[in-house]
Protein chains: 2
Amino acid sequence: MPATQRAKTSDGATRRRLIEAATQIMHDEGYAAATSRRVAAKADVKQALVYYYFPTMDDLFLEVLRAGSEASLARLRDSLQEDNPARTLWLINSDTRNTVLSNEFMALANHRKAIGAELKHYAERVRDIESAAVTMMLRAQGVDITQYPPVAISMLITQLARSMANERAVGVSYGHEELQRFLEERLPWLLSPSPGGHT
Amino acid sequence: MPATQRAKTSDGATRRRLIEAATQIMHDEGYAAATSRRVAAKADVKQALVYYYFPTMDDLFLEVLRAGSEASLARLRDSLQEDNPARTLWLINSDTRNTVLSNEFMALANHRKAIGAELKHYAERVRDIESAAVTMMLRAQGVDITQYPPVAISMLITQLARSMANERAVGVSYGHEELQRFLEERLPWLLSPSPGGHT
DNA sequence: GTCTATAGCCTGATAGAC
DNA sequence: GTCTATCAGGCTATAGAC
């Protein structure tokens, strides 16, 4: 199947570049700075072209969210297969790059219905994958999942990692060491680099 | 001391109403919607008056943050004196009204230096008060604070409560019950309505 | 302290040529 | 698919009357 309706230039290259440009601006300067003119300039096209690919700016924002979500989900699925999934969850959610953009969308979601719906959908898929991975890990380590419900454990890890990343982004680190150490002591099988030490 | 330099009309009434109007708009529609025109209209004054009280819109945002912070700190100090402080922390940070606005400022902080600095300052004062309260509570209940570092405990409570409130704001509740139950089981002296049952 | 009026710029979005 | 050109309106911020 070469093409059902192939594009003219080079696939959806321009469209993709617009999404990437918008992503970067939203990350660096906030959603309010992602105007059609600024996005177009960063993608090296003219302003009106944005409206050829996206009916409104909100549609562009939605596609930025979707593209980012899919990429994150793929990365998540990949990295949870190797090593200690709990530690992987911790590290991924500690990455400031992810949390900053995610915050921007959370702010947007509070007053744009469509963004909120998409974010909800994404959050639920993420939680599914994460708790499945934690379930397998706990089972493999012989932990009683009645006492340690996987979904609760994965929320604990991811949400606390995110909180600390958010705080770090504004320069707050007060209490971070204590919390991390507390978690490491309470859930030793969670944050150790490798499950049993076999690699 | 009747007045060092008393204002003309009725104290800082207009100024305060501008801050309140801005607060409400930021909460309901996001910081991008809090323009000088919209704020002025909601406060029932003309647009130019905003610039009489605040040199730039960013200065207004900063004052909105400061006013909100002071109010929250006062509320925090009051409510931590009564009953079970841990439960109080949980409830306060579960209130969507607080977290939504707080998110808006976190998004702003990522690209406006002055907001970031203020937020950092506020976050540290909050953490101080919260861990002091938790310290007293743990001591009163005879808990070993070497095993349960107060600052870690207070972060655990507040940040998880906030995360869940944020998710609830977009309609996500997946895993919330499990996490809450897990915390209640692991930290029973934290979330019970009253410490020993003496009231 | 509050107003009117305005400068100057940026915005989302559309029409229509190529 | 990409462009030029444009409309109508919103924005921050200032000047100056009352």
Side-chain angles (χ1 to χ4, degrees), chain A residues 3-26 28-65 104 107-108 111-115, chain B residues 3-26 28-65 104 107-108 111-115:
Chain A
T4 353
Q5 198 203 9
R6 256 289 145 261
K8 284 90 188 173
T9 47
S10 55
D11 195 16
T14 303
R15 185 189 149 94
R16 206 181 55 248
R17 275 175 43 232
L18 284 171
I19 291 176
E20 274 163 19
T23 305
Q24 201 180 322
I25 294 175
M26 287 182 76
D28 295 343
E29 306 176 53
Y31 67 82
T35 68
S36 59
R37 280 170 174 78
R38 302 262 282 106
V39 170
K42 178 147 277 180
D44 228 20
V45 295
K46 299 300 175 177
Q47 183 248 355
L49 196 58
V50 173
Y51 294 92
Y52 172 78
Y53 287 100
F54 309 98
T56 72
M57 287 305 288
D58 274 22
D59 291 301
L60 171 54
F61 290 157
L62 208 54
E63 292 307 309
V64 169
L65 175 54
E104 213 66 40
L108 261 177
H111 56 277
R112 310 226 192 166
K113 234 180 140 184
I115 302 275
Chain B
T4 355
Q5 198 203 6
R6 257 291 144 258
K8 285 89 186 174
T9 48
S10 55
D11 194 15
T14 302
R15 185 190 149 92
R16 205 181 55 248
R17 274 174 45 232
L18 284 171
I19 292 175
E20 274 163 18
T23 305
Q24 202 180 320
I25 294 175
M26 288 183 75
D28 294 343
E29 307 177 52
Y31 66 82
T35 68
S36 58
R37 280 172 173 76
R38 300 277 321 273
V39 170
K42 177 148 277 180
D44 229 19
V45 296
K46 299 298 174 180
Q47 182 251 352
L49 197 57
V50 174
Y51 294 92
Y52 172 79
Y53 287 99
F54 310 97
T56 70
M57 287 304 289
D58 274 22
D59 290 302
L60 171 54
F61 290 156
L62 208 54
E63 293 308 310
V64 168
L65 175 55
E104 213 66 41
L108 261 176
H111 57 275
R112 309 228 192 164
K113 234 180 138 182
I115 302 276

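Letters A, B, ... mirror the listed sequences (proteins, then strands); counts begin at 1.
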Short side-chain N/O contact to [N] OP1/OP2 from [X], under 4.0 Å:
| X | N | result |
| --- | --- | --- |
| A:S36 | C:dA13 | no |
| B:Y53 | C:dT2 | yes |
| B:Y52 | C:dT2 | no |
| B:T35 | D:dG10 | no |

Can you list, pair by pair, the side-chain donor-acceptor contacts under 3.5 Å of residues 34-43 of chain A, counting residues two or more places apart and other chains?
residue: A:T35; atom: OG1; partner: A:R38; partner atom: N; Å: 3.2
residue: A:S36; atom: OG; partner: A:Q47; partner atom: NE2; Å: 3.1
residue: A:R38; atom: NH2; partner: A:E29; partner atom: OE1; Å: 2.7
residue: A:R38; atom: NH2; partner: A:E29; partner atom: OE2; Å: 2.5

Please tell me which of the listed nucleotides, D:dT2, D:dT4, C:dT2, lies nearest to the side chain of B:L49?
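Side chain of B:L49 sits closest to C:dT2.
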Please pick, from C:dT11, D:dA5, D:dT2, the nucleotide with the shortest atom-to-atom distance to any side-chain atom of A:R38.
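It is C:dT11.
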According to salt bridge (Lys or Arg N to Asp or Glu O under 4.0 Å), who are the partners of A:D28, at least two apart in sequence or on a separate chain?
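In terms of salt bridge (Lys or Arg N to Asp or Glu O under 4.0 Å), with neighbours along the sequence ignored, A:D28 is linked to no residue.
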Rounded to whole Å, please give me the gap between [atom1] in [X] and [atom2] in [N].
| X | N | atom1 | atom2 | value |
| --- | --- | --- | --- | --- |
| A:Q47 | C:dT14 | CD | P | 11 Å |
| B:K46 | C:dG1 | NZ | C1' | 15 Å |
| A:R37 | D:dC7 | CZ | P | 14 Å |
| A:L18 | D:dT2 | CG | C1' | 12 Å |
| A:Y31 | C:dT11 | OH | P | 15 Å |
| A:Y51 | D:dC3 | OH | P | 15 Å |

Test side chain to side chain contact (heavy atoms under 4.5 Å, CB included) applied to A:D59 - qualifying residues, sequence neighbours left out:
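A:F54, A:P55, A:T56.
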Hey, does A:V45 reach any base, or is it just sugar-phosphate, or nothing, if we go heavy atoms under 4.0 Å?
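Sugar-phosphate, backbone atoms only, no base.
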If you round to the nearest 0.5 Å, how far is CZ of A:R15 from CG of A:L49?
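Spacing of CG (A:L49) from CZ (A:R15) equals 12.0 Å.
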Which distance, rounded to the nearest 0.5 Å, do you find between the CG of A:L62 and the CE of A:M57?
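Those atoms lie 12.5 Å apart.
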Partner set under ring-ring contact (aromatic ring centres under 6.0 Å, His included) for A:F61, not counting sequence neighbours
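A:F61 satisfies ring-ring contact (aromatic ring centres under 6.0 Å, His included) with no residue once adjacent residues are dropped.
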Let's see if you get this right: which residues in residues 54-62 of chain A place a heavy atom under 4.0 Å from DNA chain D?
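The stretch gives none, as no residue of it lies under 4.0 Å from the strand.
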Pairs where residues 43-53 of chain B contributes a residue and the test salt bridge (charged side-chain N to carboxylate O under 4.0 Å, His left out) is met, not counting sequence neighbours
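Pairs touching residues 43-53 of chain B that pass the test: none.
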